[in-house]
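Below is one structure; the comments refer to it alone.
Numbering of ligands and ligand atoms starts at 1, following listing order. The analysis underlying the following values was restricted to heavy atoms, covering all of them including side chains, and did not include hydrogens, waters or symmetry mates.
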Amino acid sequence: MQTFQPRHFAIVPAAGSGSRMAASRPKQYLPLLGKPLIFHSLAVLCAAPEVDKVFVVLSVDDAEWRRHDWSLLGPKLVPLFCGGATRADSVLAGLRAVANEVEPADWVLVHDAARPCLAPWHIEKLIRELARDEVGGLLAVPVADTLKRAGEQRQVLATVPRENLWQAQTPQMFRHVMLRRALEAAAHVTDEASAIEAAGLHPRLVEGDATNLKVTYPLDLHLAEWILTNREN
Ligand SMILES: Nc1ccn([C@@H]2O[C@H](COP(=O)(O)OP(=O)(O)OP(=O)(O)O)[C@@H](O)[C@H]2O)c(=O)n1
Ligand SMILES: C[C@](O)(CO)[C@H](O)COP(=O)(O)O
């Protein structure tokens, strides 16, 4: 009797407008080392031997995707024009769109288009550490700074102990059916793990590093360029 071997699929939500970046176009298409920002993480995901396919969730009226040449990334890359109003809506739309080719127990790695400095070791470590996990989990980094809770006038109300606090990153890796059901039931979540938590489960934290930053504000684009230029592995 053959045992089921789960495959790994990537879903990359890329239907945001990048309002905090305040640029002339959505941040996933801003130039970064001569390529659209999104190209960098797509290249790493497409090159990962563990990943079968990479689905990119674009907004329904995305006019820019077709203006770029993605052929270097090979046949694993599949654009889906089904993004929603929020990140969670886009991920859920992607999960629904691929339901005919992804088994319920296959793993899905959700990775922000806005995190261009994803490295091969991030993917390898996540998949290795979660291979036998019942629930799944996410890359994250322990909080390094002292944390303050602020009041209405921006006065410090308290210092929040940082012990056991982590910053969530992506990829976040869960079983297709579990994630789909969790997102269908969850309201207003900013990441997949929150939806899984709302279902009463406990995603595992896999330690990544600060290089996997999210490009949110203009300065982040410069940091990302520096990281990609100076990376050794
Ligand atoms: N309706 C949305 C909103 C966001 N995203 C994606 O989710 C990722 C992380 O979101 P964020 O950094 O918040 O991106 P934006 O929503 O584009 O940025 P902002 O919040 O500044 O508008 C990005 O890759 C973004 O394209 C998405 O697919 N669909
Ligand atoms: C999923 C995420 O990248 C984890 O840090 C993040 O929550 C998504 O972006 P947002 O700015 O919080 O919407």
Open item on the list: To check your reading of the model: name the closest protein heavy atom to atom 7 (O) of ligand 1, its residue, and the distance in Å.
Closed with: R87 CG, 3.3 Å
Task: Protein heavy atom at shortest distance from atom 4 (C) of ligand 2 - done: A168 O, 3.4 Å
Open item on the list: For atom 15 (P) of ligand 1, what's the nearest protein heavy-atom neighbour? Residue, atom name and distance, please.
Closed with: G18 N, 3.7 Å
Task: Contact check: S90 vs ligand 1, nitrogen or oxygen atoms, below 3.5 angstrom - done: yes
Task: Proximal ligand 2 atoms for D191, defined as those under 4.0 Å from one of its heavy atoms - done: 1 (C)
Task: Subset of ligand 1 atoms that lie under 4.0 Å from at least one heavy atom of A15 - done: 1 (N), 2 (C), 26 (O), 27 (C), 28 (O), 29 (N)
Open item on the list: Would R87 count as being in polar contact with ligand 2, using the rule that some N or O on each side must be under 3.5 angstrom apart?
Closed with: no
- [ ] Answer yes or no: are there more than 12 heavy-atom neighbours, outside R204 itself, under 6.0 Å from its atom CZ?
- [x] no
- [ ] Check each heavy atom of A14 against ligand 1 and say whether those closer than 4.0 Å belong to the side chain, the backbone, both or neither.
- [x] backbone
Task: Atom NE2 of H202: over 12 foreign heavy atoms under 6.0 Å - done: no
- [ ] Return yes when G84 approaches ligand 1 closer than 4.0 angstrom through a heavy atom, no otherwise.
- [x] yes
Task: Residue, atom name and distance, where the atom is the protein heavy atom closest to atom 13 (O) of ligand 2 - done: R20 NH2, 4.2 Å
- [ ] Run the salt-bridge test on R96 and E184 with the 4.0 Å N-O cut-off and return the result as yes or no.
- [x] yes
Task: Distance-only N or O hit between ligand 2 and R115, under 3.5 Å - done: yes
Open item on the list: Quick one, M173 and H8 - any side-chain contact, counting heavy atoms below 4.5 Å?
Closed with: yes
TODO: May I ask you to identify the nearest protein heavy atom to atom 6 (C) of ligand 2, giving residue, atom name and distance to one decimal place in Å?
DONE: T190 O, 3.9 Å
Task: For atom 20 (O) of ligand 1, the protein heavy atom that lies nearest, with its residue and separation - done: R20 NH2, 3.0 Å
TODO: Run the numbers for me: atoms of ligand 1, each under 4.0 Å from some heavy atom of A114, listed by number.
DONE: 24 (O)
Task: atom 2 (C) of ligand 2 [closest protein heavy-atom partner, distance rounded to 0.1 Å] - done: D112 OD2, 3.7 Å
Open item on the list: Starting from atom 5 (N) of ligand 1, what is the nearest protein heavy atom, named by residue and atom, and what distance separates them?
Closed with: G16 N, 3.5 Å
Task: K27 and ligand 1 - part of the residue with a heavy-atom distance under 4.0 Å - done: side chain
TODO: Please determine, by modelled atom types, if D191 and S194 share a side-chain donor-acceptor pair under 3.5 angstrom.
DONE: yes
TODO: Among all protein heavy atoms, pick out the one at the shortest distance from atom 24 (O) of ligand 1; state its residue, atom name and that distance to 0.1 Å.
DONE: P13 O, 2.9 Å
TODO: With heavy atoms of S17 as the reference, note each atom of ligand 1 found under 4.0 Å away.
DONE: 17 (O), 22 (O)
- [ ] Could you tell me if any non-hydrogen atom of T86 lies under 4.0 Å from any atom of ligand 1?
- [x] yes
Task: Which residue and heavy atom of the protein sit nearest atom 10 (P) of ligand 2, plus the separation - done: K214 NZ, 3.8 Å
Open item on the list: Are the side chains of T211 and H122 in contact, using a 4.5 Å heavy-atom criterion?
Closed with: yes
Task: Stacked cation flag R66 on F81, 6.0 angstrom / 45 deg - done: yes
TODO: Look only at interatomic distance and state if D112 has a nitrogen or oxygen under 3.5 Å from any nitrogen or oxygen of ligand 1.
DONE: no
Open item on the list: Within ligand 1, which atoms have a heavy atom of A113 less than 4.0 Å away?
Closed with: 24 (O)
- [ ] Using the six-membered ring of W107, assess whether NZ or CZ of R175 lies under 6.0 Å from its centre and within 45 degrees of the ring axis.
- [x] yes
Task: Side chains of L183 and V189 in contact at under 4.5 Å (non-hydrogen atoms) - done: yes
- [ ] With heavy atoms only and a cut-off of under 4.0 Å, state how S59 meets ligand 1: side chain, backbone, both or neither.
- [x] neither
TODO: Looking only at distances, please establish whether an N/O atom of ligand 1 is found under 3.5 Å from an N/O atom of A85.
DONE: yes
